[in-house]
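Shown next, in structure tokens, is the structure this report addresses.
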Amino acid sequence: MARKRSQTQLAAAARVRHVLAMDAANVLKRLHARQDEMVRLFSRLRDRAPLMNTVHTWFTTITLAELTLLEPPEQHAVNAFYEALDDLRWYLQYTEEMPTHVREKLHRFLRRLDERHHALTAAIGPADQHGGPVVDVKVVRGGR
């Protein structure tokens with residue numbers, strides 16, 4: 001039997017979906033835009049910062065309580081995307097491969113992330129580009 005959710009819980013779940021959708025879209029946008037340059041900088045400077053900064057995510061700050069607001073199929077899609085992103089982050093942090101091989105492997109990771117992002121978007125919806133103000137209001141009636 002499904003539990004009944006309050007309007008507050010439904011609104012909170014919508015906000016969590018929105019933030020996750022924005023975060024995932026931002027990560028992919030950065031990866032697509034910077035993939036060649038980040039490998040070039042890694043090759044030239046031998047510094048992993050351009051690699052790691054590109055895959056930075058807000059997901060590491062989300063709480064279990066926030067994730068439980070999502071339905072199980074949504075949780076599964078979120079997990080699949082961020083697990084694939086974590087695999088990429090691990091690879092970029094610890095690889096000892098040459099830049100040419102890093103570039104090739106990055107393209108494969110990016111294809112996998114694109115697939116997972118498509119599934120994530122199908123499950124939780126895209127980020128609303130316009131968004132909306134979040135207002136927390138308590139209604140108080142006049143006591144006259």
Side-chain angles (χ1 to χ4, degrees), residues 1-140:
M1 181 175 182
R3 66 176 193 230
K4 187 173 180 175
R5 293 183 165 205
S6 70
Q7 289 298 324
T8 302
Q9 289 173 319
L10 292 173
R15 286 191 301 274
V16 169
R17 283 184 201 96
H18 185 255
V19 170
L20 288 170
M22 282 192 316
D23 184 49
N26 287 342
V27 169
L28 279 179
K29 181 180 171 186
R30 284 193 308 267
L31 274 167
H32 280 287
R34 300 177 188 172
Q35 62 184 319
D36 292 331
E37 186 63 20
M38 61 193 253
V39 174
R40 236 185 330 271
L41 289 169
F42 170 65
S43 175
R44 188 174 49 130
L45 304 174
R46 291 294 177 204
D47 181 9
R48 293 176 191 272
L51 304 174
M52 301 312 294
N53 290 340
T54 301
V55 294
H56 174 74
T57 177
W58 302 330
F59 185 74
T60 56
T61 63
I62 197 164
T63 67
L64 185 59
E66 291 165 325
L67 289 174
T68 61
L69 294 169
L70 304 178
E71 295 299 324
E74 296 170 326
Q75 293 168 351
H76 179 72
V78 167
N79 181 67
F81 177 81
Y82 285 100
E83 186 67 24
L85 181 60
D86 189 59
D87 290 345
L88 172 58
R89 192 172 21 258
W90 177 268
Y91 171 75
L92 294 174
Q93 181 68 43
Y94 298 107
T95 186
E96 294 181 4
E97 296 175 328
M98 298 303 290
T100 301
H101 197 246
V102 170
R103 180 175 282 111
E104 292 168 5
K105 208 155 183 181
L106 178 58
H107 287 296
R108 288 194 297 270
F109 273 110
L110 196 47
R111 278 195 306 274
R112 185 170 147 214
L113 279 168
D114 282 334
E115 291 168 4
R116 300 283 172 91
H117 184 254
H118 180 73
L120 176 66
T121 302
I124 68 171
D128 177 7
Q129 292 185 358
H130 302 292
V134 176
V135 180
D136 192 8
V137 178
K138 181 177 181 181
V139 177
V140 179

Would a distance-only check, ignoring hydrogens and angles, find a side-chain to backbone donor-acceptor pair under 3.5 Å from [X] to [Y]?
| X | Y | answer |
| --- | --- | --- |
| T121 | H117 | yes |
| N53 | A49 | yes |
| R89 | M52 | no |
| E74 | I124 | no |
| N26 | M22 | yes |
| E66 | T63 | yes |

Answer whether the closest heavy-atom distance between the side chains of [X] and [Y] falls below 4.5 Å.
| X | Y | value |
| --- | --- | --- |
| P99 | R46 | yes |
| D86 | T57 | no |
| V55 | L31 | yes |
| D36 | R40 | yes |
| L20 | I62 | yes |
| M38 | L92 | yes |
| V27 | T54 | no |

Full working for side chain to side chain contact (heavy atoms under 4.5 Å, CB included) between L70 and V78: CA-CA 10 Å; L70 304 178; V78 167; 4.0 Å; yes
Got a sec: does the NE2 of H32 have more than 12 other heavy atoms crowding it under 6.0 Å?
yes
Notebook entry, point to check: Within a reach of under 6.0 Å around NE2 of H101, are more than 12 heavy atoms found that belong to other residues, nucleotides or ligands?
Noted result: yes
For residues 34-68, the ring-ring contact (aromatic ring centres under 6.0 Å, His included) pairs (sequence neighbours left out) are F59-Y82
Indicate the atoms forming the closest heavy-atom contact of [X] with [Y], along with that distance.
| X | Y | answer |
| --- | --- | --- |
| A123 | A77 | CB-CB, 3.6 Å |
| L51 | V39 | CD2-N, 4.4 Å |
| Q35 | L110 | OE1-CD2, 3.4 Å |

For the [atom1] atom of [X] and the [atom2] atom of [Y], what is their distance to the nearest 0.5 Å?
| X | Y | atom1 | atom2 | result |
| --- | --- | --- | --- | --- |
| K105 | T95 | NZ | OG1 | 6.5 Å |
| H76 | L120 | NE2 | CG | 11.0 Å |
| L64 | Q75 | CG | CD | 8.5 Å |

- Query: Under 4.0 Å between a Lys/Arg side-chain N and an Asp/Glu carboxylate O for E37 and R34?
  - Reply: no
Here the salt bridge (Lys or Arg N to Asp or Glu O under 4.0 Å) pairs for residues 107-123, sequence neighbours left out, are D87-R112
Between L28 and F81, is a side chain to side chain contact (heavy atoms under 4.5 Å, CB included) present by the stated rule, with each step listed? CA-CA 11 Å; L28 279 179; F81 177 81; 4.2 Å; yes
Q.
Show, in sequence, the C-alpha distance, side-chain angles and deciding distance for L10 and L69, and conclude whether the side chain to side chain contact (heavy atoms under 4.5 Å, CB included) test is met.
A. CA-CA 8 Å; L10 292 173; L69 294 169; over 6 Å; no
